[in-house]
There are 2 protein chains.
Amino acid sequence: MPAKPAAQRRSDCPLNATLEAFGDRWSLLVVRDLMLLGRRTFREFLESGEGIATNILSDRLQRLEAQGIVEKRPDPADARKVLYRLTAKGLDLAPILVEMIVWGARYHDTAAPPSQIRAMTRHRERFLAEVRKRWAEAGRS
Amino acid sequence: MPAKPAAQRRSDCPLNATLEAFGDRWSLLVVRDLMLLGRRTFREFLESGEGIATNILSDRLQRLEAQGIVEKRPDPADARKVLYRLTAKGLDLAPILVEMIVWGARYHDTAAPPSQIRAMTRHRERFLAEVRKRWAEAGRS
DNA sequence: CCGGATCCGTTTCGATACTG
DNA sequence: CAGTATCGAAACGGATCCGG
């Protein structure tokens, strides 16, 4: 009696799938580090200001990797290090990130870099194009 | 010895402020219910498919209200009922929602309403304009 | 040193039962 | 109908340990 469409229960709406992928406090911050702040190593994420614990960071990286949002590989320059980067799927999170940042800047007005926010708000497509370009260039590491 | 700028610690980036506002599994689903599915009462949110628990729903509604994202008021037609609706600040979450839905539909391809997704993806501004219009009309209840 | 894994006390979440 | 109260489960976060 398998009748129940159980596993599907929460995925009727794509929003749900998205929230399952990174509907938590940390995952998107890691993505932001990769996408906008140029961070690439475990250590750099750790020091990225918000104070994530090593076990949590480790867990989120694994989770993001399992979902094909980030990928890791050894640093070609220094075999001891590991580098992370966004996959194409991860890069496609950029519009979400941008909208979240714009909303946050608008309503919570943190001490944020004004110029970048401005660029993001006024010329979204241009900003996104730049992000994609940088990503493509970095890809050919 | 209050010296520490403690409460500020996590809000250097607007993304952080946003994640603090609704970086959890449920808040955005409630917003979606209000914005896209026309739900307005506690009960309707409950039955909205994903199976949120009453205490969680209660908590999220309070939290969203405290942040000025939703507001409540008695149903003018039936004083026993309580109606929720988005504030202007809440309405401004629409672009985030749209991008999250688009991303989810693209990569996790849930059994989702194809036509609406298509409209959302291809004509984002038009779609957003409609959402805003509906909201404005409903506002003069 | 770097990238984690493990242990453990604390906080938060969430399913169910219950109330005004 | 619109929520609380309760209580077990899960997540968090700090410290510490470990392999390379």
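Chain letters run A, B, ... following the sequence lines, proteins first, then strands; residues in each count from 1.
Rounding to whole angstrom units, CD of residue B/Glu65 and P of D/dA2 are separated by 14 Å. Residue A/Glu44 contributes atom CD, which lies 15 Å from atom C1' of C/dC1 at whole-angstrom precision. Counting to the nearest Å, the P atom of D/dA2 and the CZ atom of B/Arg60 are 19 Å from each other. Rounded to a whole Å, the CZ atom of B/Arg80 is 19 Å from the P atom of C/dG20. Rounded to whole angstrom, the span from the CG atom of B/Leu61 across to the C1' atom of D/dT4 amounts to 14 Å. Atom CG in B/Leu57 sits roughly 11 Å away from atom P in D/dT4 (whole-Å rounding). Taking atom CG of B/Asp24 as the reference point, atom C1' of C/dT11 lies 16 Å away to the nearest angstrom. Distance, B/Ile56 CD1 to C/dT16 C1': 12 Å, rounded to whole Å.
Between A/Trp26 and D/dC12 there is no side-chain polar atom (N or O) within less than 4.0 angstrom of OP1 or OP2.
Contact annotation: the side chain of A/Val102 never approaches that of A/Ile117 to less than 4.5 Å [non-hydrogen atoms, C-beta and beyond].
Considering only side-chain atoms of B/Lys81, the nucleotide from C/dG14, D/dC1, D/dG3 that sits closest is D/dC1. Of the candidate nucleotides C/dC2, D/dC12, C/dG14, C/dC2 has the atom lying nearest to any side-chain atom of A/Arg43.
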Between the protein and nucleotides 5-7 of chain C, which nitrogen or oxygen pairs come in under 3.5 angstrom?
| from | atom 1 | to | atom 2 | distance (Å) |
| --- | --- | --- | --- | --- |
| C/dA5 | OP2 | A/Ser58 | OG | 2.8 |
| C/dA5 | OP2 | A/Gln62 | OE1 | 2.9 |
| C/dA5 | N6 | A/Thr54 | OG1 | 3.1 |

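Of all heavy-atom pairs between A/Phe45 and A/Arg40, the closest is CZ-C, 4.0 Å.
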